[in-house]
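Taking it in order: structure first as structure tokens, then the write-up.
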Number of protein chains: 2
Amino acid sequence: MNRRPTITDVARAAGVSVATVSKAINDRDGVSAATHAHVLKVVAELGYESSLVATSMRRGRTNVIGVLVAEFEPFALQLLQGVSTALQGTPYDVLAYAGTVSAGDHLGWERRSLSRLGGTLIDGAILVTPTTTPAHSSVPIVAVDPHTGPDGPATVAVQNIDGARAATEHLISLGHRRIGHLRGRTDLESAQQREEGYRQALEAAGIRADPALIIDGGYRAASATAGAHALLTLPDPPTAVFAANDLTAIEMIRVAAERGLTTPRDLSVVGFDDVPQAASSVPQLTTVRQPLIEMGESAVRVLLSMLEGGEPEHVRMPAELVVRSSTAVAPT
Amino acid sequence: MNRRPTITDVARAAGVSVATVSKAINDRDGVSAATHAHVLKVVAELGYESSLVATSMRRGRTNVIGVLVAEFEPFALQLLQGVSTALQGTPYDVLAYAGTVSAGDHLGWERRSLSRLGGTLIDGAILVTPTTTPAHSSVPIVAVDPHTGPDGPATVAVQNIDGARAATEHLISLGHRRIGHLRGRTDLESAQQREEGYRQALEAAGIRADPALIIDGGYRAASATAGAHALLTLPDPPTAVFAANDLTAIEMIRVAAERGLTTPRDLSVVGFDDVPQAASSVPQLTTVRQPLIEMGESAVRVLLSMLEGGEPEHVRMPAELVVRSSTAVAPT
DNA sequence: CTGTTAGCGCCTTCAC
DNA sequence: GTGAAGGCGCTAACAG
């Protein structure tokens with residue numbers, strides 16, 4: 001628990017000034033070969049490493065990319081994996097930060113985290129599922145699954161409309177006609193687009209969208225419970241449900257079971273995302289896969305390009321229907 | 001891309017000194033109610049947040065817990081999830097950092113990361129799978145799945161021996177007698193213990209451990225390929241393999257398939273960890289579950305206690321055999 | 001080639 | 001109740 005050595009300790013031990021140590025460490029010239037070697041030797045002996053904090057404060061660059069999230073949930077973690085692999089071999093380190101929101105704060109976690117880390121600790125940031133994208137920031141930012149469409153900052157997102165349409169068409173092709181939709185967080189663009197895809201598929205099949213079948217689910221299990229119950233207590237309940245993401249799809253199945261309905265026999269359910277637990281839930285979840293790792297890699301590519309002066313880009317990745325065991329032909 | 005507001009900007013806008021702003025923000029006394037309110041108003045208008053870097057440099061505490069990893073792989077990510085949930089409701093933020101090791105560095109990533117972040121950016125650190133545990137650090141540390149047993153710093157680990165024995169006993173109970181072991185990274189304690197559990201199970205069943213059946217796998221898919229081939233080209237190849245973790249178990253299955261062997265018909269395989277993809281691999285992997293999320297939570301508990309002056313603890317979590325589809329009765 | 005000086009943004013004495 | 005000065009560890013200018 002003893003104090004880490006500082007540059008001052010090194011300087012004292014080596015019998016030179018801190019400036020000389022700094023120069024030697026950073027391979028700047030103006031240091032004799034002998035001194036250089038001597039300093040490095042002392043550095044090794046003391047196990048000195050420059051403080052990221054002090055360095056970042058003095059210097060502009062830190063060679064650290066920040067991944068800013070509200071919470072380390074499966075979606076963000078998968079993405080982080082992609083970011084991390086994409087940064088292998090580059091000089092950049094990865095720093096993932098989950099900022100807590102104080103109750104009173106209405107600025108949003110992304111503003112806060114960005115302000116706390118940006119301009120000092122990180123050279124650029126990848127914002128995961130931001131509710132509000134800061135218009136201006138002190139560092140380049142890329143928003144993944146942003147709240148809004150491609151207007152301002154760089155974005156990486158999946159083809160939500162196509163994916164949702166594919167999910168709904170799958171249900172239609174199984175003979176379902178009364179298909180419910182457990183909507184996502186309506187303040188996010190992704191939720192709006194998934195609803196849009198759902199509507200398009202219905203319309204194309206000549207099925208009128210019944211407003212009673214569209215209920216808010218909010219992307220989280222806890223927030224979807226009430227909606228799931230509501231769908232199943234309708235006078236004419238749906239035989240299939242397209243949930244806006246996997247977590248609420250799994251909750252939908254759980255609620256159905258609680259009410260004596262077996263999936264997929266009595267109720268077919270499709271999710272969205274394909275997070276790891278989709279494959280291990282019972283029954284295994286039919287869902288729309290987001291290429292999360294590839295999206296992380298794309299975000300890195302866009303961000304690095306911006307760090308070199310490039311323009312913000314807007315990337316759309318394809319979504320892919322993954323048919324597993326939570327969907328079956330409609331009961332007759 | 002404009003500069004973030006600093007405390008100086010706030011002071012100027014509010015018509016007070018930076019000292020007053022600092023006091024108002026941190027709720028120190030010596031500020032009139034009126035000034036306090038006025039400053040907070042300006043802060044809100046400007047969207048000011050104190051720089052984590054500058055604050056941490058001046059103050060000791062940052063209320064940030066660091067999770068230091070070599071790489072964001074599934075094991076670390078699951079653990080991170082546990083850490084993150086355990087820190088909900090506490091005043092601590094989570095900062096996960098993956099430091100790259102420069103080729104020349106033989107200090108190990110944990111020393112480097114700890115030295116760069118410790119004492120400045122983070123109040124305490126959770127080291128995930130460190131190869132070498134720093135004897136002294138400027139902040140309290142907890143090592144998860146450390147390279148060495150409970151001697152110095154606090155540790156959290158799973159019952160590796162018991163888990164490995166259960167895995168091997170499972171294979172024996174299915175009638176297997178020639179059971180290979182794809183060993184882990186031998187510099188890590190977990191690998192040594194898993195080998196030990198494997199040996200104990202064999203011995204208890206009266207089966208002599210054949211040295212030819214124990215081959216290094218190194219915990220990573222790429223490092224296990226050669227060993228997997230080697231096991232299968234033995235004159236008298238095994239009918240079952242206990243791999244030291246899931247990634248190498250999956251690689252074992254892949255290599256077997258490449259050589260025309262079907263799992264579990266021709267070769268049974270057991271892994272260790274139960275990372276998410278174990279449940280979605282084909283066939284689904286029989287493995288030993290580490291309660292990674294709970295381990296993350298334990299690590300937090302131990303660390304927080306140390307931050308309040310508590311003693312380092314050594315926690316051992318139970319491992320649990322999860323039987324899926326990659327194991328079957330031995331071919332006759 | 002080396003050391004001294006200044007200051008990054010912030011917080012904490014200590015005057016006023 | 002408020003402001004001025006110093007310093008956390010480090011690096012970039014400038015002197016010597």
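Values below: all heavy atoms of this structure, side chains included; hydrogens, waters and symmetry mates excluded. First the proteins, then the strands, lettered A, B, ... as listed; each starts at 1.
Running 5' to 3' along DNA chain D, contacts with non-hydrogen atoms of chain A at under 4.0 Å begin and end at dG9(D) to dA12(D).
Salt bridge annotation for Asp9(A)-Arg4(A): absent, with no cationic side-chain nitrogen under 4.0 angstrom from a carboxylate oxygen. Arg301(B) and Glu297(B) are not joined by a salt bridge, as no carboxylate oxygen comes within less than 4.0 angstrom of a charged side-chain nitrogen. A salt bridge links Arg316(A) with Glu189(A); the closest basic N to acidic carboxylate O contact falls under 4.0 Å.
Taking each heavy atom of Ser84(A) and Val94(A) in turn, the nearest pair found is CA-CG2, 4.1 Å. Nearest approach of Gly47(B) to Ser115(A), heavy atoms of both residues: O-OG, 4.0 Å. The minimum heavy-atom distance linking Pro146(A) with Ala157(A) is given by the pair CD-CB, 4.3 Å.
Among the heavy atoms of the strands lying under 4.0 Å from Thr35(B) are primed sugar atoms or P, OP1, OP2 only; no base atom is included. Note on Ser50(A): only backbone sugar-phosphate atoms sit closer than 4.0 angstrom, heavy atoms only; bases stay farther off. At the heavy-atom level, Arg116(B) lies nowhere under 4.0 Å from the strands shown.
The nearest whole Å value for the distance from the CG atom in Leu52(B) to the P atom in dC11(C) is 11 Å. Spacing between atom CD of Glu49(B) and atom P of dG9(C) amounts to 16 Å, rounded to whole angstrom units. If you measure from atom CE of Met57(B) to atom C1' of dC10(C), you get 9 Å, rounded to the nearest angstrom. Across the protein-nucleic acid pair, Arg58(B) atom CZ and dG9(C) atom C1' stand 11 Å apart, rounded to whole Å. The distance from atom CZ of Arg61(B) to atom C1' of dC11(C) is 16 Å, rounded to the nearest whole Å.
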Verdict with supporting geometry, Gln78(A) and Val275(A), side-chain contact (heavy atoms from CB on, under 4.5 Å): CA-CA 8 Å; Gln78(A) 289 281 101; Val275(A) 295; 5.8 Å; no
Audit row: Thr129(B), Tyr219(B), side chain to side chain donor-acceptor pair (under 3.5 Å) steps and yes/no: CA-CA 12 Å; Thr129(B) 321; Tyr219(B) 275 158; over 6 Å; no
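Side chain to side chain, His147(A) and Thr131(A) fail the donor-acceptor criterion of an N or O pair below 3.5 Å. Of the N and O atoms on the side chains of Tyr48(B) and Thr6(B), not one donor lies less than 3.5 Å from an acceptor on the other residue. No hydrogens or angles considered: nothing links the side chains of Ser56(A) and Arg61(A) as a donor-acceptor pair under 3.5 Å.
Only Asn26(A), Arg28(A), listed by number, bring a heavy atom of residues 26-34 of chain A to less than 4.0 angstrom from any atom of DNA chain D. Within residues 8-24 of chain A, the residues that place at least one heavy atom under 4.0 Å from DNA chain D are, in residue-number order, Ala19(A), Ser22(A).
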Using a 3.5 Å cut-off and no angle test, enumerate the donor-acceptor pairs between side-chain atoms of residues 14-21 of chain B and protein atoms at least two apart in sequence or in another chain.
{"unit_1": "Ser17(B)", "atom_1": "OG", "unit_2": "Ala19(B)", "atom_2": "N", "d": "3.4"}
{"unit_1": "Ser17(B)", "atom_1": "OG", "unit_2": "Thr20(B)", "atom_2": "N", "d": "3.3"}
{"unit_1": "Ser17(B)", "atom_1": "OG", "unit_2": "Thr20(B)", "atom_2": "OG1", "d": "3.2"}

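Identified under the salt bridge (Lys or Arg N to Asp or Glu O under 4.0 Å) test for residues 125-134 of chain B, with sequence neighbours left out: none.
Two residues are said to be in side-chain contact when any heavy atoms from C-beta on lie closer than 4.5 Å; Val128(A) and Phe72(A) fail this criterion.
The overall bend of the helix from dC1(C)-dG16(D) to dC16(C)-dG1(D), read as the angle between its terminal helix axes built from five base pairs each, is 50° when rounded to 10 degrees.
Taking for each of Ala54(B) and His36(B) the nucleotide of DNA chain D with the nearest heavy atom, the 5'-most of the two is the partner of His36(B).
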